[in-house]
Engineer: 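Dropping a structure here in structure tokens format, bear with me for questions.
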Number of protein chains: 2
Amino acid sequence: MTASNDQDAALRIASGRKPFVEPLRLGERLKEIRLANEWTLGDVSERTGLARSTLSKIENDQISPTFTAVQKLISGLDIDLPQLLTQPRTKTRTMGRRDLTRRGEGQQHPTPTYEHELLSCELAQKRMIPFKTIVRARRFEEFSEWVRHDGEEFLMILEGEIQLFSEFYEPLHLARGDSIYFDSDMGHALVSVGEEDAVVLSVCTPRDGH
Amino acid sequence: MTASNDQDAALRIASGRKPFVEPLRLGERLKEIRLANEWTLGDVSERTGLARSTLSKIENDQISPTFTAVQKLISGLDIDLPQLLTQPRTKTRTMGRRDLTRRGEGQQHPTPTYEHELLSCELAQKRMIPFKTIVRARRFEEFSEWVRHDGEEFLMILEGEIQLFSEFYEPLHLARGDSIYFDSDMGHALVSVGEEDAVVLSVCTPRDGH
DNA sequence: AAACCCAGTTTCCGATAGTGAATTCCGATG
DNA sequence: CATCGGAATTCACTATCGGAAACTGGGTTT
């Protein structure tokens with residue numbers, strides 16, 4: 001859960017991930033979008049400033065458009081690149097995944113300071129990672145270093161009281177029902193301050209952000 | 001909160017959103033990535049199969065690379081397009097945003113069936129939207145149609161008991177502490193079934209997913 | 001200082017993307 | 001069936017991209 005602090009981390013590339021080029025039927029996608037809007041090549045030509053002939057060739061994979069052409073497309077049709085490159089969500093990954101976690105039946109993940117219980121861990125490819133945490137730590141000193149991970153985190157106190165330490169702010173006292181949202185690459189650490197150990201519901205964004 | 005059911009919705013384009021082309025300093029980005037990895041143009045040439053000269057020209061915006069060239073880049077350097085097009089997060093938007101919401105002090109948003117309380121609504125550009133909901137509905141019939149919105153949703157029962165109706169599953173009974181994660185474009189509806197009105201913590205992914 | 005090396009740039013030319021005009025395609029109409 | 005009209009494709013030409021090689025600038029060696 002502790003991530004590298006290196007400034008260039010986001011730029012440097014981990015070697016060797018996916019060896020092959022994705023097929024990327026760009027022309028096909030363009031045609032889908034055009035037809036879905038009931039546009040003719042002429043319409044699209046007006047909107048984008050690209051010639052009808054060019055558009056036709058792109059749709060039929062007869063040429064590989066220049067990047068400027070792609071820009072004209074995305075700005076003219078008012079779409080963004082992801083939309084052009086990937087199948088529309090509704091086709092590929094829609095529809096009704098579901099993952100129930102009954103109270104206390106998440107996947108336990110104990111550490112010295114926190115006892116995490118991962119919720120909804122049956123589901124892969126989530127855009128949020130929810131878990132319930134019992135905060136065992138009683139003193140800030142029990143943390144060897146800041147907890148830190150890319151993305152954003154939301155948490156709400158379910159039971160007890162905590163002190164939220166963070167890198168750029170004064171410690172904050174949070175009681176049951178209080179909630180907070182923060183950029184989780186800012187160092188943070190939770191400490192129980194009530195009678196019993198505090199219980200916290202957290203939701204994080206996943207590693208890469210999408 | 002109720003979204004269109006239209007199959008083509010994801011393809012059809014809402015007219016006029018951002019009128020201008022984003023600058024998209026592609027060459028600049030490429031150079032950043034190359035330097036961050038301490039690669040020479042020769043190195044990148046070997047990895048991607050593009051000539052040194054070509055790479056130089058791309059970096060200096062002297063040519064607009066063909067889309068096939070871009071593909072060679074992303075596969076050779078093992079990055080993905082979003083990475084090539086957008087500044088790395090760590091530079092642009094990092095660092096320590098925070099938004100505290102004390103119990104009961106979120107932004108109220110009542111509907112006939114639900115009473116929503118938006119949490120952390122000071123913060124724009126979130127990747128998650130948390131809110132607490134009091135479920136007033138007592139019968140499924142009180143919903144005129146399915147609640148439905150793009151993205152994913154996580155929810156946990158804080159108080160009371162609910163029945164979760166959903167488009168593709170049998171109704172599910174959820175008690176305090178139970179949680180569920182689901183694709184929220186699947187129609188869904190919550191009904192209180194306990195003595196008191198149920199209270200639910202929900203977190204949704206935002207509109208576009210990024 | 002001349003010779004050399006290395007990374008990056010520029011030049012030149014063949015290949016190919018982009019354009020307007022001409023052609024083909026196809027459903028609707030008389 | 002001929003033909004008309006709009007839409008898509010093909011054609012012929014120009015602009016531009018992509019690659020090999022020559023050039024430039026800075027540092028090191030002899």
Side-chain angles (χ1 to χ4, degrees), chain A residues 8 11-13 15 20-81 83-85, chain B residues 8 11-13 15 20-81 83-85:
Chain A
D8 286 334
L11 289 168
R12 193 164 311 126
I13 306 307
S15 54
F20 290 113
V21 195
E22 36 203 330
L24 268 200
R25 309 286 239 102
L26 190 124
E28 197 180 329
R29 279 290 296 132
L30 175 58
K31 190 160 196 169
E32 274 176 42
I33 293 173
R34 183 171 64 81
L35 295 180
N37 285 281
E38 292 177 14
W39 287 331
T40 76
L41 287 182
D43 295 334
V44 176
S45 170
E46 263 182 44
R47 284 167 180 270
T48 60
L50 292 163
R52 286 200 308 284
S53 50
T54 308
L55 294 167
S56 169
K57 288 184 211 162
I58 293 176
E59 284 191 355
N60 299 340
D61 289 319
Q62 290 174 22
I63 62 173
S64 161
T66 267
F67 204 78
T68 53
V70 175
Q71 278 182 274
K72 285 182 189 171
L73 275 175
I74 64 183
S75 97
L77 303 186
D78 197 18
I79 55 183
D80 38 22
L81 243 158
Q83 251 186 95
L84 232 189
L85 298 186
Chain B
D8 286 333
L11 289 169
R12 191 167 311 125
I13 307 305
S15 55
F20 290 112
V21 196
E22 38 204 329
L24 268 200
R25 311 284 240 105
L26 188 122
E28 197 180 329
R29 278 293 294 135
L30 175 57
K31 190 161 195 169
E32 274 177 41
I33 292 174
R34 183 171 65 81
L35 294 180
N37 285 282
E38 292 177 16
W39 288 330
T40 75
L41 287 181
D43 295 334
V44 175
S45 170
E46 265 182 41
R47 283 167 181 269
T48 60
L50 292 163
R52 285 204 315 286
S53 53
T54 308
L55 294 167
S56 168
K57 290 180 214 164
I58 293 175
E59 284 191 355
N60 299 333
D61 290 319
Q62 289 174 21
I63 61 174
S64 163
T66 266
F67 206 78
T68 52
V70 175
Q71 280 181 274
K72 284 182 190 170
L73 275 175
I74 64 183
S75 96
L77 303 186
D78 198 16
I79 55 185
D80 39 24
L81 244 159
Q83 251 186 93
L84 232 188
L85 299 186

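Treat the numbers as computed from the prediction; the structure is a model and nothing was measured. Order of the sequence lines sets the chain letters (A, B, ...), proteins ahead of strands, with each chain counted from 1.
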Engineer: I'd like a list of close polar pairs between nucleotides 20-26 of chain C and the protein, N/O only, cut-off under 3.5 Å.
Structural biologist:
{"residue": "C:dG20", "atom": "O6", "partner": "A:S53", "partner atom": "OG", "Å": "3.0"}

Engineer: Is the shortest side-chain N/O distance from A:T66 to OP1 or OP2 of C:dG18 below 4.0 Å?
Structural biologist: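 So the side chain of A:T66 is within the cut-off, an N or O lying under 4.0 Å from OP1 or OP2 of C:dG18.
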Engineer: Atom CH2 of A:W39 and atom P of D:dA8: how far apart are they, to the nearest Å?
Structural biologist: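 One finds 13 Å between P of D:dA8 and CH2 of A:W39, rounded.
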Engineer: Measure the distance from CG on A:L26 to P on C:dA17 and round it to the nearest whole Å.
Structural biologist: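 From A:L26 CG to C:dA17 P: 13 Å.
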Engineer: Which atoms form the tightest heavy-atom contact between A:L50 and A:A69, and what is the distance?
Structural biologist: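 Reported closest heavy-atom pair: CD1-O, 3.8 Å.
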Engineer: May I have the distance from A:E59 (atom CD) to D:dA7 (atom P), rounded to whole angstrom?
Structural biologist: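 In whole Å, D:dA7 P lies 14 Å from A:E59 CD.
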Engineer: At what distance, to the nearest 0.5 angstrom, does CZ of B:F67 lie from OG1 of A:T68?
Structural biologist: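 The distance works out to 12.0 Å.
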Engineer: Rounded to whole angstroms, how far apart are NZ on B:K72 and C1' on D:dG18?
Structural biologist: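 Atom-to-atom, B:K72 to D:dG18, this comes out as 9 Å.
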Engineer: Using the closest heavy atom to pick a nucleotide of DNA chain C for each, name whichever of B:T68 or B:L41 lands nearer the 5' end.
Structural biologist: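 It is B:L41 whose nearest nucleotide is closer to the 5' end.
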Engineer: What is the distance, to the nearest angstrom, from the CD1 atom on A:I58 to the C1' atom on C:dA17?
Structural biologist: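 After rounding, the reported distance stands at 9 Å.
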Engineer: Name the nucleic acid region contacted by B:L50, choosing base, sugar-phosphate or nothing; use a 4.0 angstrom heavy-atom cut-off, strictly under.
Structural biologist: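 Counting heavy atoms under 4.0 Å across all strands, the contact made by B:L50 is with sugar-phosphate only.
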Engineer: Atom CD of B:Q71 and atom C1' of D:dG18: how far apart are they, to the nearest Å?
Structural biologist: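 That distance rounds to 16 Å.
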Engineer: Roughly how far, to the nearest 0.5 Å, is OG of B:S64 from NZ of B:K57?
Structural biologist: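 If I round to the nearest 0.5 Å, the distance is 13.0 Å.
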Engineer: Distance check needed: D:dT9 C1' versus A:K31 NZ, whole Å only.
Structural biologist: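 Checked: the NZ to C1' distance equals 10 Å.
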Engineer: May I ask you to test the A:S45-A:L55 pair for a side-chain heavy-atom distance under 4.5 Å?
Structural biologist: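 Yes, their side chains come closer than 4.5 Å.
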Engineer: For the side chain of B:T40, counting heavy atoms from C-beta on, which of D:dC17, C:dG18, C:dG8 is nearest?
Structural biologist: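 Nearest nucleotide to the side chain: C:dG8.
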Engineer: Is a side-chain N or O of A:R34 found less than 3.5 angstrom from the main chain of A:W39, in a donor-acceptor match?
Structural biologist: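 Checking the backbone N and O of A:W39 against the side chain of A:R34, a donor-acceptor pair under 3.5 Å is found.
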Engineer: Kindly determine whether A:E59 and A:L41 satisfy side-chain contact (heavy atoms from CB on, under 4.5 Å), including the steps that lead there.
Structural biologist: CA-CA 10 Å; A:E59 284 191 355; A:L41 287 182; 3.8 Å; yes
Engineer: Just by distance, do the side chain of A:T48 and the backbone of A:V44 share a donor-acceptor pair under 3.5 Å?
Structural biologist: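 Yes: the side chain of A:T48 pairs with the backbone of A:V44.
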Engineer: Taking NZ, NE, NH1 and NH2 as the nitrogens, is one of them in B:E32 or B:R29 under 4.0 Å from a carboxylate oxygen of the other?
Structural biologist: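 Answer for the salt bridge query: yes.
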Engineer: Estimate the overall bend of the helix from C:dA1-D:dT30 to C:dG30-D:dC1 from the end axes over five pairs each, rounded to 10 degrees.
Structural biologist: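 One end's axis against the other's: 10°.
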Engineer: Over how many whole Å does the gap from A:E38 atom CD to D:dA7 atom P extend?
Structural biologist: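 Roughly 12 Å, once rounded to whole Å.
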Engineer: Please work out if A:I63 contacts a base, only the sugar-phosphate, or nothing of the nucleic acid, heavy-atom cut-off 4.0 Å.
Structural biologist: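 Contact class for A:I63: sugar-phosphate only.
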Engineer: Closer than 3.5 angstrom, by distance alone: can the side chain of A:N37 be matched with the main-chain N or O of A:I33 as a donor-acceptor pair?
Structural biologist: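 Yes; at least one donor-acceptor contact below 3.5 Å.
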Engineer: Taking only side-chain N and O atoms of A:Q62, does any of them lie within less than 4.0 angstrom of OP1 or OP2 on C:dA17?
Structural biologist: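 So the side chain of A:Q62 is outside the cut-off, no N or O lying under 4.0 Å from OP1 or OP2 of C:dA17.
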